[in-house]
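Here's the structure, in structure tokens; my notes come after.
Just so we're clear, the structure is a prediction, and the values are computed from it rather than from any experiment. Along the sequence shown, the residues carry numbers beginning at 1. Note: hydrogens, waters and symmetry copies are ignored here, and every other heavy atom, side chains too, is used.
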Amino acid sequence: MDRWNRELLDRYCREYHVGIIGFPPILEHTLIAASVESLHLRLHTNIQLRDFELNASSPVLHVTKAEEIWSGILTGEDWTVYIPQHTAYEVVAWARPLGFVNETSFNENEPPKLPVVILDNGKLDRVRRIFFGQSLKFVLHRPLFLDAISFLLNPDVRPSLRRYVQIDIDDIFVGRRGTRMVADDALALIETMERWRKTIPRFRFNLGFSGKYFHAGADEENGGDDMLLANANKFSWFCHMWGHSQAHLYNSSVEALVREMQFNRAFARDHGIPMNSSYVVSPHHSGVYPVHEPLYEAWASVWNAKVTSTEEYPHFKPMHLHRGFVHHEIMVLPRQTCGLYTHTIFLASYPGGIDRLERSINGGDLFMTLLRNPINVYMTHLSNYAHDRLALYTFESLFNFSRKWTNLELRSAPPLEMAQLYFRVFPQDAEPLWNNPCEDKRHMQIWSATKSCERLPKFLVIGPQKTGTTALYSFLLSHPAIRSTYRNPETFEEVQFFSGTNYYKGLDWYMNFFPGGVNSTTDFLFEKSATYFDNELVPLRAFSLVPHTSIISILIDPVRRAYSWYQHVKAHGDKVAAQYSFLEIVTANRDSPKPLQHLRSRCLRPGEYASHLERWLDHYPSTQLLILDGDLLKSDPVSVMHLVQRFLKIKPFVDYKDLIRFDKKKGFYCQVEATMKAPRCLGRSKGRRYPVMEADVEAVLQRYYQPHNVALHKLLTRLNQPLPLPKWLRADLQ
């Protein structure tokens, strides 16, 4: 880094109290005692090392334990060792070289310990830094990297060391002959569980059962079934489906799912299986996500379910991004895979070989799930506990590695308590984010065949309110290839899915507002909800579900828009608007009554056009956004509708001269059809004339919106939209 950029970075770090974590660059040539004057360091690069040892007194260490030496040759020949030239440095870890950097550096008989991870405590220039001698491919660097982050953020407040572990065993009683547990396997499971409980308080295996397949194995395997039931009270149990069937295959039949679950519940009652966990799991995670509403209804009805889990939210991969959510008061926990599947039975035939499993356990993927996640729900299967008992070996090894190299404190709890802990740690995750099932092959495999992404909009009209969205809506419906949502009587005809509590009703609820079977390549479904424009949550929600959808917005002079909105809510009986003049509303401040402040925000905020459009552009590319001039839509709707058709690439292209006509009586354009005797116009509330706005109020609003209009001008110039800048915007800036 050159001197100027280095000084700029250091100044930023000092001003905002930010630390730096550094890794050595990959260099083809080797540096011997290379001096970094500005850091008071000398470096030796491209060295092979052995015997990694942590400094137990280092303040950086928190998760990483310093009791052991990682003996043997370390991964790679590209290590860097640091020779500090200032007392500001403290050693975090050492290692010994295999060779010699130069003749004077090392004693041939006893290579010294050399610093490979160091802390610059900031005494030199008030910037704290931690330098690693190699990348994160060295296993112990991974927990140490987390320690470095937490130390530099706040050395006095470190994250919790507690990790909660839940191990689910799916498919109890399920599996073909030769893959199931026998009595000795069941006893080994119990013995291991009781032993683990000594170091993992409250640990129990969670067993998920499908009663239909009880005693469906060979005689010895049936003995395994009996042994599990004889010790049923030692485990925690959860419901699979009676026939291990997938919920999405039941389409919309709640009754059929209820019957399946009732069979399983009766089996549990008859065989002494505890039924008090409030935890349920769907085979293959079918219906959990993407959500199949009948499954949630049946769970609540039969099992009084409070908790489930899935590995599919938001997507199966990348696994470190698994999250939870809450739907219909059922808490959905993120499930983690451990590399063991139904076919993973013998160690010798583990996919990728034994070394792959060992790497996952000893600092690899499986270890990292435990390291990163405070709440861990692991999925295993009945067959993983038979024959070689791979699951017991895997988790025994994982827990041993964790105890040896970290200070993590392993705990367990019943599923309901685990879920409560999870959403206490991650309260933001309670909010679901619905993704498009058709964008994920795995999701398509567990989504009902009766559902189709064709029942999602190809474009959205997002508002804002009082800019002409209803007129545009009516003109769009004149096109023979365009269809809209059914009306929602609860939200003034608009569906308002993305912007309100309707979002929590789920994707099925939203899709039911669209006509079925019409959204082919030549048919366009759309939704118009004017509340979408300025709602902070909507752009992300919309993009997650319909990322390829086009977005249409309409803008008018924000001063006129605010006044029109005020008159609108006042005419519709808003009690606060009725109590105050328009001037009192727009000049309200922090000392004003809270309802008045809230009304002012609702009135003025949508007119801050640039900031809201930028939020949409954070997610959607500009090529999917069309910004219309509301005044032009009013004065020359034919040209605007032709522009909209070209933007949407819709066929057939129709001439709107034949579809809309100016109505002198109404004073605006209305729909016409060949079979109509008179144009179809919007209702009485549309095109209403209001009293002229008072000059002093208009002046206040012009001053308020002036910086926002400047920002809008810059944005529209940058976007190069097909329409020229609106006249009102040019006039305001002049």
Side-chain angles (χ1 to χ4, degrees), residues 431 462-470 488-504 528-541 553-616 630-631 683-712 728-729 732:
E431 293 275 325
I462 62 172
Q465 292 176 303
K466 307 308 295 178
T467 59
T469 55
T470 304
N488 181 3
E490 296 179 2
T491 48
F492 302 101
E493 300 181 353
E494 295 180 340
V495 177
Q496 297 185 9
F497 174 66
F498 295 107
S499 58
T501 56
N502 288 334
Y503 189 73
Y504 306 120
K528 187 273 289 187
S529 287
T531 56
Y532 287 173
F533 179 78
D534 54 294
N535 187 293
E536 293 183 359
L537 298 174
V538 171
L540 173 59
R541 287 176 171 180
S553 177
I554 311 174
L555 306 182
I556 65 170
D557 182 350
V559 174
R560 285 191 291 113
R561 194 219 69 85
Y563 186 57
S564 177
W565 183 89
Y566 161 73
Q567 294 289 356
H568 172 79
V569 297
K570 187 177 179 182
H572 282 76
D574 186 287
K575 294 181 180 179
V576 181
Q579 292 178 30
Y580 298 96
S581 68
F582 189 47
L583 178 61
E584 289 174 316
I585 291 171
V586 300
T587 57
N589 54 42
R590 293 180 180 179
D591 297 326
S592 303
K594 291 293 182 183
L596 181 57
Q597 292 183 48
H598 180 61
L599 186 67
R600 177 183 184 272
S601 176
R602 288 172 57 208
C603 180
L604 301 187
R605 193 170 173 275
E608 300 167 6
Y609 296 144
S611 62
H612 302 308
L613 288 169
E614 291 283 14
R615 191 181 304 116
W616 283 92
D631 291 340
R684 283 187 233 173
S685 64
K686 303 301 179 182
R688 182 190 291 126
R689 287 189 169 88
Y690 304 121
V692 176
M693 192 189 320
E694 296 174 3
D696 55 344
V697 184
E698 187 172 4
V700 169
L701 288 175
Q702 285 174 338
R703 286 194 299 273
Y704 177 85
Y705 282 120
Q706 212 266 338
H708 299 290
N709 288 344
V710 170
L712 178 64
W728 60 263
L729 181 59
D732 181 79

Quiz item: Thinking salt bridges, do Arg605 and Glu536 make one under a 4.0 Å N-O criterion?
Solution: yes
Quiz item: Between Ser592 and Tyr580, is any pair of side-chain heavy atoms under 4.5 Å apart?
Solution: no
Quiz item: If we only count heavy atoms from C-beta on, is the Phe582 to Leu701 side-chain gap below 4.5 Å?
Solution: yes
Quiz item: Are any non-hydrogen side-chain atoms of Tyr532 and Asn535 less than 4.5 angstrom apart?
Solution: no
Quiz prompt | CD on Gln597 to CZ on Arg590, rounded to 0.5 Å | solution = 9.0 Å
Quiz item: Between Leu712 and Leu729, does a side chain to side chain contact (heavy atoms under 4.5 Å, CB included) hold up when you go through it step by step?
Solution: CA-CA 9 Å; Leu712 178 64; Leu729 181 59; 4.1 Å; yes
Quiz item: If you take all heavy atoms of Ser564 and Tyr690, which pair is closest and at what distance?
Solution: OG-CE1, 3.7 Å
Quiz item: Which is it for Arg561 and Tyr609 under the side chain to side chain contact (heavy atoms under 4.5 Å, CB included) test, yes or no, and what are the steps along the way?
Solution: CA-CA 11 Å; Arg561 194 219 69 85; Tyr609 296 144; 3.6 Å; yes
Quiz item: What is the ring orientation for Phe497 with Tyr503, classed by angle as parallel under 30°, tilted 30 to 60°, or perpendicular over 60°?
Solution: tilted
Quiz item: Is the CD atom of Glu694 crowded by more than 12 outside heavy atoms at less than 6.0 Å?
Solution: no
Quiz item: Which heavy atom in Ala577 sits nearest to a heavy atom in Ile585, and how many Å separate them?
Solution: CA-CD1, 4.4 Å
Quiz item: Is the backbone of Ile462 close enough, under 3.5 Å, to the side chain of Ser553 for a donor and an acceptor to pair up by distance?
Solution: no
Exercise. State, with a plain yes or no, whether a side-chain heavy atom of Asn488 is found less than 4.5 Å away from one of Glu494.
Key: no
Self-check item: Non-hydrogen atoms of Glu698 and Val559 that approach each other most closely
Solution: CG-CG1, 4.1 Å
Quiz prompt | Charged N-O contact under 4.0 Å between Arg602 and Asp534 | solution = no
Quiz prompt | Closest heavy-atom pair and its distance - Pro606, Phe533 | solution = O-CE2, 3.5 Å
Quiz prompt | Point-to-point distance, once rounded to the nearest 0.5 Å, from OG of Ser499 to CG of Leu537 | solution = 9.5 Å
Quiz prompt | Heavy-atom side-chain contact between Leu583 and Asp696 under 4.5 Å | solution = yes
Quiz prompt | Salt-bridge contact Arg541-Glu431 (side-chain N to carboxylate O under 4.0 Å) | solution = yes
Quiz item: Going through the distances and angles, do Val697 and Thr587 end up as a side chain to side chain contact (heavy atoms under 4.5 Å, CB included)?
Solution: CA-CA 9 Å; Val697 184; Thr587 57; over 6 Å; no
Quiz prompt | Closest non-hydrogen atom pair, Leu599 against Trp565 | solution = CD1-CH2, 3.6 Å
Practice problem: Enter the distance from Gln496:CD to Asn502:CG here, rounded to the nearest 0.5 Å. | Solution: 7.5 Å
Quiz prompt | Criterion side chain to side chain contact (heavy atoms under 4.5 Å, CB included) on Asp631 and Arg560, from CA distance to verdict | solution = CA-CA 11 Å; Asp631 291 340; Arg560 285 191 291 113; 2.8 Å; yes
Quiz item: What are the two closest non-hydrogen atoms of Pro464 and Thr469, and how far apart are they?
Solution: O-CG2, 3.7 Å
Quiz item: Any side-chain heavy atom of Leu613 within less than 4.5 Å of one from Leu555?
Solution: yes
Exercise. Could you verify whether a donor N or O on one side chain and an acceptor N or O on the other, from Glu608 and Tyr704, lie under 3.5 Å apart?
Key: yes
